[in-house]
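In listed order, ligands and their atoms are each counted from 1.
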Amino acid sequence: MSRILIRGGRLIDPSEGLDCIQDILIDKGKIKAIGQNLFEMEAIELNAENLIVCPSFIDLHTHLREPGQEYKEDIASGSKCAVAGGFTLLISMPNTIPAVDSPQVASYIIQRAKSVGLCKVLPSGAITMGRKGKELTDFLALKEAGCVALTDDGSPLMDSKLMELALKRASQLDMLIMNHCEDDKLANGAINSGVVSSLIGLSTRPKSAEDVLVARDCVLSFYTGGRLHIQHLSSPLSAEIIDFFKSKGAPITCEVNPYHLLFSEEELFLSGANAKLNPPLRDKKDIEILLNALRAGIIDCIATDHAPHAIREKSRLDSAMPGMIGLQLALPLCLKLVEDGHISMSKLVELLSIAPSRVLKLKDPPKLKVGAKANITIFDPKREWILNEFTSFSKSKNTPLWGKTLKGKVIFTIYEGRIVYSDV
Ligand SMILES: [Zn+2]
Ligand SMILES: [Zn+2]
C-alpha cells in the first residue's frame, strides 16, 4: 500500500478541535503524521492547497436497490456515487427485493460491497418480515450477519405493540431502531398539505402524519430505553417533540435530508415529480424552523436518503415513486447552507461525518488523528460543476438538480489509505 502525503490543505475535524493548514502523511492505511512541511520521499503527493481536508462522510440512509432493482442502482454504481460524494461508509436501506429480512441477504450486500471495494456498506435489516409490519425479523441473526440497524424504511412500522417489542429487543442487542415516521392513514397522498396542494388539488401527506408517529416512537423509546433514530425529519413540531424527549434522557437521534433544508414545496412547480419525496417538501417557514433545530443540535446529522428511480417511475406527480438521488449532491447542498450563513464549515463536517459516526456508535470513526484509519475526504468548496451524464455515477437522474450548476466538489476520497476517487 502506497504512502500518501496530503499537502497544504485546511484540516477540519471538530471531534479533534482541529481547524488549521497542515499536511497529513498516510502510511499502511493509517494516518502516520500530521504537521507542517512533512516530507516523505516515496509518497504520492496530493496538492490540497485551498482545499478542505476532513474525516470522510458517512451516510445513514442510502437506497442501493440491489438485490432486485438494479435498473435503478446497484452496489457498484451506488459505491461510485458515494466516493464521488465524499462518503466511505453507507448504511443501506432494506427495501430491496427480497427485503433484508434474513442474514443471507445482509451477507450478500456486504460481500458485494467488499468485492466492489470502493467504500464500506453496512446494511440495515428490516424490522419486520418482508417489511410488512406483522412479524419481527430475527434481530440477533441479522446482527451476526453484519446489520448495524433495523428499519422498515419506505413503510412506517404502524403497529405500536410491535414497535415497543422491537425497541426492547434491539436494546438488548445494542442495535439501533430507525423509523420512517409517517402515519399511513394520515399520509395517503403525494405532496405536502399546504398552498401547493390546494392549488393543484392533489391528495396530501400532512405534517401531522409525521408528528403523530414521531411522538409515539419517542414515547416508546423513553419507556423502553431502546435507541431510536428518526429518519428524514421534515416537520418543525416533530423537532420540538424530539427535543423534549431528548431532554428527558431518551436515547433518540434524528437526521434531515438536505433537500428538506433547501427546497420548499414550490419546487414541485419547477421540477414536478422529481421534487416528490416522502415525507414531502414542506413550506418556507418550516425550513426556517428546521434550520434553527439543526443549528441547536436537535437534529443530529444529515443523511442523503439517496433514492434512485427510473425516468418512467417519475412521469406523473400523483403516481410517481417518491425520492431523489443525493450521494453526489449532499456536499454542494450543505455548502449552500454554509454560504448562506446557516452553518459553519466545521458544522458541515460535524453533520456529514462526526455526528453520523456517533449515531452508529462506531468504534473507529473517521478522524484526523495520528493512528486513525485514513478515511479522508478532500473537497473544493468553490469548484463549480454540473450534474449530468458525464459527472453522475448513478444509474438514475431523479433530482431537481439534474443539469444544474453546483458549487462545491469532492476532489479526493481516501478509504482506508487508498485513493478511491480523484477528480484532478
Ligand atoms: Zn423513508
Ligand atoms: Zn429512504
Side-chain angles (χ1 to χ4, degrees), residues 58-66 68-69 72-73 75 78 81-82 85 87 90-97 99-100 109 121-128 131-133 147-158 163 166 176-184 186-192 205-207 209-214 216-217 228-235 238 242 253-261 274-282 290 299 301-309 313-314 320-327 329-330 333 356 359 394 396 398-399:
I58 296 169
D59 189 21
L60 296 180
H61 195 145
T62 309
H63 295 271
L64 288 172
R65 306 300 191 203
E66 184 180 349
Q69 292 180 307
K72 300 179 193 235
E73 200 77 284
I75 291 168
C81 295
F87 293 89
L90 306 178
I91 306 303
S92 63
M93 290 299 110
N95 60 340
T96 47
I97 302 170
V100 188
I109 291 167
V121 176
L122 294 175
S124 57
I127 302 175
T128 62
R131 299 171 47 255
K132 293 198 170 87
C147 292
V148 286
L150 299 153
T151 173
D152 279 353
D153 183 45
S155 314
L157 177 50
M158 289 305 302
M163 183 50 122
L176 180 66
I177 294 284
M178 312 200 285
N179 200 13
H180 173 132
C181 288
E182 278 188 299
D183 182 299
D184 62 9
L186 293 169
N188 58 5
I191 61 172
N192 186 40
R205 315 179 72 84
K207 285 175 272 184
E210 182 174 340
D211 301 331
V212 164
L213 226 54
V214 167
R216 181 205 69 177
D217 286 356
L228 170 71
H229 180 75
I230 307 289
Q231 300 183 286
H232 41 49
L233 187 89
S234 74
S235 162
S238 288
I242 289 166
T253 52
C254 70
E255 68 187 32
V256 65
N257 178 339
Y259 284 110
H260 281 126
L261 299 172
N274 273 335
K276 180 184 176 184
L277 79 171
N278 291 345
L281 295 175
R282 305 295 189 189
L290 284 184
I299 297 173
C301 63
I302 302 257
T304 71
D305 196 2
H306 178 81
H309 292 296
E313 295 166 327
K314 281 287 192 186
M321 303 289 288
M324 306 171 185
I325 54 170
L327 284 169
L329 296 164
L333 285 169
V359 171
S394 179
S396 297
N398 52 308
T399 167

Give, rounded to 10 degrees, the angle between OD1 (D305) and NE2 (H63) as seen from the Zn ion (ligand 2). 90°

Of Q231, K207, E182, which meets side-chain contact (heavy atoms from CB on, under 4.5 Å) against P279? E182

Salt-bridge test for K72 and E313: reply yes if a basic N is under 4.0 Å from a carboxylate O, no otherwise.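 Looking at E313 together with K72, the answer is yes, because their closest N to O distance falls below 4.0 Å.
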
Heteroatom N/O/S of H232 within less than 2.8 Å of the Zn ion (ligand 2):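 No, outside the cut-off.
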
Please confirm if an N, O or S atom belonging to H61, backbone or side chain, lies less than 2.8 Å from the Zn ion (ligand 2). yes

Would you say R282 and E210 make side-chain contact, with heavy atoms under 4.5 Å? yes

How are the rings of H61 and H232 set to each other: parallel, tilted or perpendicular (split at 30° and 60°)?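 Rings of H61 and H232: tilted, 30 to 60°.
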
To 10 degrees, how wide is the angle OD1 (D153) to the Zn ion (ligand 1) to ND1 (H180)? 100°

